[in-house]
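Worksheet: one structure, shown below.
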Amino acid sequence: MKADNIDEVVDGLVGIVGEARRAGDRVGYFAALYRQVTVEVRAAIRAGQFEDGARMDRFDTHFGNRYFEAYDAWRRDRSGPRCWRETFGLLDDADTIIVQHLLLGVNAHINLDLAVAAARTSPGADIRALRHDFLLINDILARVVLAVQDSVDSLSPFMSLLDKVGGRTDEQILDFSIRQSREEAWYNAVLLAGQTEEQQATTIDRLDIRAAVLARLIARPGGLVRPALELIRRTEEDDVPTVIRHLDGATGGASAG
């Protein structure tokens with residue numbers, strides 16, 4: 001699976017979400033979130049909200065292809081980046097709650113893929129001109145995350161327990177992780193844009209290792225969060241196609257069907 005433009009990224013995600021619903025595959029959780037973000041980015045490009053819409057189309061295409069490459073590698077022979085192997089490896093784990101699956105995808109795609117996509121879009125000194133549009137996506141992400149929060153809350157009635165045990169709610173987890181991680185991703189994008197191919201390979205490997213460590217922390221948190229997650233798991237919706245349908249319709253636009 002390889003996209004040549006943002007329309008093909010959307011089409012690819014629609015295909016993954018639709019197949020996941022039919023198969024009852026939790027890969028559709030993050031893919032549903034990602035599809036809606038991509039649709040919103042495409043709408044912003046068409047509305048002229050970015051300084052350079054054509055560049056953002058290329059950027060989103062690079063970004064989407066990073067996900068497709070990881071997805072295809074996992075499906076083919078369980079290979080691919082470490083952080084994506086950690087993420088996909090939990091898809092059959094019934095003890096992992098919905099918001100954890102979402103966070104695992106967010107972690108891998110932003111803490112590894114985002115910087116790589118930005119550097120590929122605007123290598124060298126050109127990376128500086130990308131910053132305004134790069135940051136504008138934060139607003140789009142925040143809107144989608146707010147909508148997805150409502151879906152997660154309806155599916156996981158005890159998510160508020162994470163507040164009571166010193167954790168964070170789904171919206172706060174996602175919003176904080178996205179904003180903080182995107183700031184780090186921008187720093188790493190600037191770094192990658194100025195490096196040789198050999199240096200880039202070393203940096204990408206380092207980012208992958210760090211994201212894989214974060215994935216393990218998301219999947220198996222300690223302290224009082226663990227029993228809270230167990231209660232959430234026992235009370236949240238466990239029908240995978242139903243969860244995907246809810247998540248995929250969070251923003252009110254057309255779903256993958």
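Within the 3.5 Å criterion, the main-chain N or O of D248 finds a donor-acceptor partner in the side chain of R35. Checked by atom type and distance alone, the side chain of E237 never pairs as donor or acceptor with a backbone atom of T242 at under 3.5 Å. Side chain of T235 to main chain of I232: a donor-acceptor pair is present (N/O by atom type, distance under 3.5 Å, no hydrogens or angles). With hydrogens and angles ignored, the 3.5 Å screen pairs no side-chain donor or acceptor of D57 with any backbone N or O of N5. No donor-acceptor pair closer than 3.5 Å links the side chain of E86 to the backbone N or O of R82.
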Which atom pairs, donor and acceptor, lie under 3.5 Å between side-chain atoms of residues 117-126 and protein residues at least two apart or in another chain?
| residue | atom | partner | partner atom | Å |
| --- | --- | --- | --- | --- |
| T121 | OG1 | A117 | O | 2.8 |

Anything under 3.5 Å between a donor and an acceptor, one on a side chain of residues 44-53, the other on a protein residue two or more places apart or in another chain? List them.
| residue | atom | partner | partner atom | Å |
| --- | --- | --- | --- | --- |
| R46 | NH2 | D7 | OD1 | 3.1 |
| D52 | OD1 | A54 | N | 3.3 |
| D52 | OD1 | R55 | N | 3.0 |

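D92 CG: 12 or fewer foreign heavy atoms inside a 6.0 Å radius. Other residues, nucleotides and ligands place more than 12 heavy atoms under 6.0 Å from the CZ atom of R143.
Follow the hydrophobic side-chain contacts under 4.5 Å out from L231 and you reach V243 in the same cluster. F59 is not connected to L191 by any chain of hydrophobic side-chain contacts under 4.5 Å among Ile, Leu, Val, Met, Phe, Trp and Tyr, and they are in different clusters.
Residues E40 and T251 bring no donor and acceptor atom of their side chains to less than 3.5 Å of each other.
When I204, I209, D208 are each tested for a side-chain contact (heavy atoms from CB on, under 4.5 Å) with P81, only one passes: D208. Here the options are V106, L247, V17, the test is side-chain contact (heavy atoms from CB on, under 4.5 Å), and the partner is L33; only V106 passes. Checked options Y67, F68, Y71, Y29; the residue passing with Y34 is Y67 (criterion: ring-ring contact (aromatic ring centres under 6.0 Å, His included)).
Because its NZ or CZ atom is not both nearer than 6.0 Å to the ring centre of F88 and within 45° of the ring axis, R78 does not count as a cation-pi partner of that residue.
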